[in-house]
> 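I'd like to ask you about the structure that follows.
Quick caveat, the model's predicted, so the values are computed rather than measured. Chain letters run A, B, ... following the sequence lines, proteins first, then strands; residues in each count from 1.
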Amino acid sequence: MTEISKAYEPQSVETKWYDFWVEQGCFTADPARVSASRPAYSIVIPPPNVTGVLTLGHVLNNTIQDILARKARMDGKEVLWLPGTDHAGIATQNVVEKTLKKAGEIKHRDDLGREALVARIWEWKEKYGGIILKQLRALGASCDWTRTRFTMDPEYSRCVQGVFVDLYKKGLIYRGKRMVNWCPASLTALSDEEVTMKEQRGFMYHFRVEVVEHPGTFLTIATTRPETIPADTAVAVNPKDPRYQHLIGKHVYKALPLDVPKEQRVIPIIADDHVDFEFGTGVLKVTPAHDKADFEIGLRHKLPVIDVLTPDGKMTAEAGAELAGLDRFAARKKSAELMEAAGSLEKAEPYVNNVGFSERADVPIEPRLSEQWFLKYPSVEASKACVADGSMRFFPDRWAKVYDHWMTGIQDWCISRQLWWGHRIPVWYRGDEIHCGLDAPAGDGWTQDSDVLDTWFSSWLWPFATMGWTDNKTTDAANATLKAFYPTTDLVTGPDIIFFWVARMIMAGYEYMGDLPFKNVYFTGIIRDKQGRKMSKSLGNSPDPLDLIAKYGADALRFGVMRAAPLGQDVLFDETAVELGRNFCNKLWNACRFRQMHGGETEQEVNPALLTTDDRWILGRLDLAIREVTQAFAEYKFSDATATLYRFFWGEYCDWYVEASKPVLGMPGEPPTDPAKVAQRNNKLAVIDFVLGHTLRLFHPFLPFITEELWHGMAFNTDLPADRGGKTLLYASWPKAFDDDERAYFRVDPVIEASAQARFDLVTLGRNLRAQSNIPSNKRVPFVIRPAAPLPQEELDILKGLLNAEALTLAATDWQAPKGTPVAANAVGELFLPLAGLVDVEAERARQEKELAKVRSEIQKVQDKLANPAFTQKVPASVLAEHQQRLIDWQAKEKQILSTLH
RNA sequence: GCGAGAUUAGCUCAGUGGUAGAGCACUUGCUUCACACGCAAGGGGUCGCAGGUUCGAAACCUGCAUCUCGCACCA
């Protein structure tokens, strides 16, 4: 047994053990070890952005994965936790471009050109990328680092492009000119999922246009985007709207641009059902180039398309000389001013509407007509069915409904991006010829499509592309990793990427592996601050996890976060949660120190014949804790597990069992000499070792570092096989709840547990008497006890210790407590605090009166119930009996109070 | 507009038909020989509102209010 220091110092312990685990290959998965008796457990990390740094969100997510992986190892499974990073197209390209601009190397990415920029990004990635994976080590993440993957690894890229070619050949990928979501900041198309709606305050502009055929007749139109008026190619009314029916087929003069002669601004008035005549004025300006719905109207009525916006959101010359070159928002103001000056603006009233924003660049997107690649999703039915029929489970399961809803209304996916960093689209062009394949076709003059694929088009292959999948049946059949570890067991991720990633992985899994990619999906909550706000850099409310680890230790951070994160709920993070984790680790540390102070390399087995009531009680509590924690794991309720562990270890083991064991153990360094007491003491130490050994194992998934340190410090590893806890706690077996034989062996039963509990309750009552009588807790006072049934001397000694009593005297049969003596009682007996002169008789009397009132109100409540025939006749026998017993208990209490009150 | 979730102690949350709970915070007393990152005791809640079902409702049902999050979206 090595000596344990007074306070737990996490820093050196953490690096020591992490290095040890990695050096010993403890995290390395070997498919060859998988067998019927050693099943596989696998989990793939949601690959963080390669430019990312660790946030509390990652801490939550990866701690859960680590807990699952470590528990699975202790269950004797062959565990693969596969790590890696995502190339994250837009985000990464932005980061590197910004860095280069800041360094003054470039003003624009065109200064470098495509190949050079991509080369610089690779350089950057090699140098600074993947920091987050190193940071995960500080958290204790037990990933198999030998299998770290990147979504742009050469083999991975082949998978991505191969899948593109395959889906193209299947006719599921097609190219088309469509309205897409265009990001004017990133200059690329986006998928619908990358657009979030935000409420915006703006204005509803009402302006009027003159009907060509009826000079002097005007139509009033409402719009939030007057800058697009030059792009209008019609105005539309509902065919059933009586106000405008007579004008259908006639024309109006567009309000802008004013520098174009009136005759060249004539556009038709058309009728379309899309127009809601309740909204605005019932007249809709139709701008096919800049609105999705208008584009559809344009198609129906064969309207021309006029584009007045550049890709980066500035007005073109076609918008007119006065608007040309202006940014779209400046142009909005300007166009209103122009109409105002021309007298066509009727009013501009404040208005709140929903505007689509680019999720990443945080600017309003523009609907834009452009040529893009689209995917018609594969394996949709199988993917829907597996969640609906429960073969894949979501935790919490309400996400299943969200998933189903999205899968039902699923739209084709725009997968091309106008970026340089990413997987290049494997399509080549020569004149009118198109070739889709991994390599350029033979012959000269072929040029590759300049677009790259949406990042998620590579992420969706993650569960199998990381395992060496090739889409070659022979190769894949011989792939031991795939065979052993696919489908994976659990996926842990945030619900914000359920469509981006989870749903798409399921479809890819069915399409390419013929099976679901994971069996269970755990959706974490979102980490928020104490006020419930999202963590963000600009708010400065996002603490750096590495700082927290340095200050409190990784175990403290893990425990604090897990304790605060109930399944499916957002986590309101507060540093005091980590402090609590730190305090808990310290408690665990000191409980082991206490055991060590009593020395004794006893290492003996527990002798059932010598077990005391307390021993049997704590073994029963341990058994219950094992059951509860194991059950919590089965339901992915990690906060329940930590709550149980906290209660058991602190509230039961430390507060009661350890305190009660002190009289038996004697003073440290002064062991008893009486042989009977020595045997008692050694057995007590054996029970303590038994409980601590189990406790460390129960805690290990949550607190990997401190438990490993104590496992060795307490020498619990000796005598165990190397692969079952001898070398590392990582592979010790997960504690099993007692079976009937074990319960009988340890003589654990509910009656014993209740009697031990009652003794502890009496102690609390006795301490209460002291406090009520204003006796300082360090002052030793004599107590008198009148047990309901005889108590052995050892138990009286324990009671005396727990009460911090000067003496605990047995009351003689004829002893009568002096009037006003504070007394407490329960099933164990009556406990008196005879302190003549020290106790304020009147105060004690008042206390007892108050107590009596409470007892009587309880009696009344139960009596009322029992007097109700409807109750006594209808209620189950057990409930009736329980109420009757309750009445007896309260009445006994009443009698006891009355007996000392006078 | 559609859907989901939430509403219990000052705060964060457990509690799915039978005596309202935990942690933190708070008050008080303790340098009791593992731990002041500790020990002990205590105060504090008409369980969002209104109905209903039931012998009995924090829990089940209906409606309402408030908040959060998805999805859709009318210029």
> Within the side chain of Lys662(A), is there an N or O that forms a donor-acceptor pair under 3.5 Å with the backbone of Gly801(A)?
no
> Rounded to whole Å, how long is the line connecting atom CG of Leu765(A) with atom P of A40(B)?
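Taking CG of Leu765(A) and P of A40(B), I get 15 Å after rounding.
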> Specify the separation, in whole Å, of atom CZ of Phe638(A) and atom P of A14(B).
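Going from CZ in Phe638(A) over to P in A14(B) covers 16 Å.
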> Using a cut-off of 4.0 Å on non-hydrogen atoms, how would the nucleic acid contact of Lys637(A) be classed: base, sugar-phosphate, or nothing?
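Since no nucleic acid heavy atom lies under 4.0 Å of Lys637(A), the category is nothing.
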> Output yes when at least one side-chain N/O atom of Lys198(A) is less than 4.0 Å from OP1 or OP2 of C73(B), else no.
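No, outside the criterion.
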> With rounding to the nearest 0.5 angstrom, report the CH2 to CG distance, Trp650(A) to Leu588(A).
10.5 Å
> To the closest 0.5 Å, what do you measure between CD (Glu194(A)) and CG (Asn181(A))?
8.5 Å
> Taking atom C1' in both A6(B) and C13(B), what distance in whole Å separates the two?
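Those two atoms are separated by 12 Å.
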> Please report the distance separating the C1' of C24(B) from the corresponding atom of G43(B), rounded so that it comes out in whole Å.
16 Å
> Determine the contact category for Phe573(A): base if any of its heavy atoms lies under 4.0 Å from a base atom, sugar-phosphate if only primed atoms, P, OP1 or OP2 are that close, otherwise nothing.
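It contacts nothing in the nucleic acid.
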> Is there, by distance only and without an angle test, a donor paired with an acceptor across the side chain of Glu659(A) and the base of A34(B) below 3.5 Å?
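Yes.
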> Once you round it to whole Å, what is the distance between C1' of U12(B) and CD1 of Ile527(A)?
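Atom CD1 in Ile527(A) sits about 14 Å away from atom C1' in U12(B).
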> Looking across every strand, which nucleic acid part, if any, lies under 4.0 Å from Val658(A) by heavy atom: base, sugar-phosphate, or nothing?
base
> List the steps, then state whether side-chain hydrogen bond (donor to acceptor under 3.5 Å, both in side chains) holds for Glu579(A) with Asn583(A).
CA-CA 6 Å; Glu579(A) 214 175 296; Asn583(A) 296 352; 5.0 Å; no
> Does atom CD (Glu278(A)) have a neighbourhood of more than 12 heavy atoms from anything else shown, all under 6.0 Å?
no
> For Asn353(A), which contact category applies under a 4.0 Å heavy-atom criterion: base, sugar-phosphate, or nothing?
sugar-phosphate
> Base, sugar-phosphate or nothing for Leu284(A)? Non-hydrogen atoms, less than 4.0 Å.
base
> Could you grab the distance from atom CD1 of Ile798(A) to atom CG of Leu803(A), nearest 0.5 Å is fine?
12.0 Å
> Between protein and nucleotides 67-70 of chain B, what N or O pairs are separated by less than 3.5 Å?
none

> Starting from P on A34(B), measure out to CZ on Phe649(A) and report it in whole angstrom.
15 Å
> Relative to Tyr646(A), does Arg563(A) satisfy both conditions: NZ or CZ under 6.0 angstrom from the six-membered ring centre, and within 45 degrees of the ring's axis?
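Geometry flag: set, cation within 6.0 Å and 45°.
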> If you compare all heavy atoms of Val387(A) against all heavy atoms of Ala400(A), which two are closest, and at what distance to 0.1 Å?
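The answer is CG1-CB, 3.7 Å.
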> When you measure from the side-chain N and O atoms of Trp650(A) to the phosphate of C39(B), is any distance below 4.0 Å, counting only OP1 and OP2?
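Affirmative; the distance criterion is met.
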> Between Arg328(A) (side chain only) and Arg225(A) (backbone N and O only), is there a donor and an acceptor less than 3.5 Å apart?
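Side chain of Arg328(A) to backbone of Arg225(A): no pair is present.
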> Using a heavy-atom cut-off of 4.0 Å across all strands, would you classify Met197(A) as base, sugar-phosphate, or nothing?
base
> For Arg582(A), report the nucleic acid contact type (base, sugar-phosphate, nothing); a contact means any heavy atom under 4.0 Å.
base
> Is Asn583(A) close enough to G38(B) that one of its side-chain N or O atoms is under 4.0 Å from OP1 or OP2 there?
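The answer is yes; a side-chain N or O of Asn583(A) sits under 4.0 Å from OP1 or OP2.
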> Is the side chain of Asn826(A) donor-acceptor paired with the backbone N or O of Ala758(A) at a distance under 3.5 Å, no angle test?
yes
> Apply side chain to side chain donor-acceptor pair (under 3.5 Å) to Glu575(A) and list each qualifying residue two or more places apart in sequence or on a separate chain.
Lys551(A), Tyr552(A)
> Determine the interatomic distance between P on U66(B) and the same-named atom on U53(B); round to the nearest Å.
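28 Å, rounded to whole Å.
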> Which part of the nucleic acid, if any, lies within contact of Lys401(A), taking any heavy atom under 4.0 Å across all strands shown: a base, the sugar-phosphate backbone alone, or nothing?
sugar-phosphate
> Between the base of C73(B) and the side chain of Asn354(A), is one N or O donor paired with an acceptor at under 3.5 angstrom?
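In this structure, the two groups form a donor-acceptor pair.
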> Side chains of Gln860(A) and Ser857(A): is there a donor and an acceptor less than 3.5 Å apart?
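Looking only at side-chain atoms, Ser857(A) and Gln860(A) do not form any donor-acceptor pair under 3.5 Å.
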> In this structure, how many angstroms lie between the P atom of C11(B) and the CD atom of Glu575(A), rounded?
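Answer to the nearest Å: 22 Å.
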> In whole Å, I'd like the distance from the CZ atom of Arg593(A) to the C1' atom of A34(B).
6 Å
> Got a list of protein N/O to nucleotides 42-47 of chain B N/O distances below 3.5 Å?
unit_1 : atom_1 : unit_2    : atom_2 : d
G42(B) : OP1    : Asn768(A) : ND2    : 2.7

> Check the orientation of Phe584(A) and Phe649(A). Use parallel for under 30°, tilted for 30 to 60°, and perpendicular for over 60°.
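Answer is perpendicular, since the angle exceeds 60°.
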> Given atom CZ of Phe500(A) and atom C1' of C71(B), what is their separation to the nearest angstrom?
14 Å
> When rounded to the nearest Å, what value does the distance between P atoms of G45(B) and A22(B) take?
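14 Å, rounded to whole Å.
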> With rounding to whole Å, what would you report as the distance between A58(B) and C47(B) at their P atoms?
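It comes out at 7 Å once rounded to the nearest Å.
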> With a 4.0 Å cutoff (strictly under), does any side-chain N or O of Tyr351(A) reach OP1 or OP2 of A75(B)?
yes
> In whole angstroms, how far is the C1' atom of A34(B) from the CZ atom of Arg595(A)?
13 Å
> What integer number of Å spans the P atoms of A75(B) and C67(B)?
23 Å
> Considering only nitrogen or oxygen atoms on both sides, find all protein atoms under 3.5 Å from nucleotides 30-32 of chain B and state each distance.
unit_1 : atom_1 : unit_2    : atom_2 : d
C30(B) : O4'    : Ser777(A) : OG     : 3.4
U31(B) : OP1    : Asn778(A) : ND2    : 3.2

> Would you say the ring centers of Phe638(A) and Tyr522(A) fall short of 6.0 Å from each other?
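Ring centres of Tyr522(A) and Phe638(A) closer than 6.0 Å.
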> Does the plane of the ring in Tyr403(A) sit parallel, tilted or perpendicular to the ring in Phe394(A)? Use 30° and 60° as the thresholds.
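Plane angle over 60°, so perpendicular.
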> Pairs under 3.5 angstrom, nitrogen or oxygen only, protein versus nucleotides 18-25 of chain B, please.
unit_1 : atom_1 : unit_2    : atom_2 : d
U19(B) : O4'    : Arg886(A) : NH1    : 3.0
G23(B) : O4'    : Arg563(A) : NH2    : 3.1
G23(B) : O2'    : Arg563(A) : NH2    : 3.1

> Do Thr287(A) and Lys285(A) have side-chain N/O donor and acceptor atoms under 3.5 Å apart?
yes
> When rounded to the nearest 0.5 angstrom, what distance separates OG1 in Thr233(A) from CD1 in Ile306(A)?
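Thr233(A) atom OG1 to Ile306(A) atom CD1 measures 6.0 Å (nearest 0.5 Å).
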> So, for Ile229(A) and Ala255(A), which heavy atoms are closest and what is the spacing to 0.1 Å?
CG2-N, 4.1 Å
> Using atom P in both nucleotides, what's the gap between G18(B) and G23(B) to the nearest angstrom?
23 Å
> Quick one, Thr707(A) and Phe702(A) - any side-chain contact, counting heavy atoms below 4.5 Å?
no
> Would you measure the distance from the P atom in U8(B) across to the matching atom in A59(B) and give it in whole Å?
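After rounding to an integer number of Å, I get 13 Å for this pair.
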> Go through RNA chain B and write down every stem, that is, every run of at least three consecutive Watson-Crick or G-U wobble pairs with distances under 3.5 Å, as range with range.
B:1-7 with B:65-71, B:10-13 with B:21-24, B:26-30 with B:38-42, B:48-52 with B:60-64
> By nearest nucleotide on RNA chain B, pick out whichever of Asp192(A) and Lys285(A) is the more 5' one.
Asp192(A)
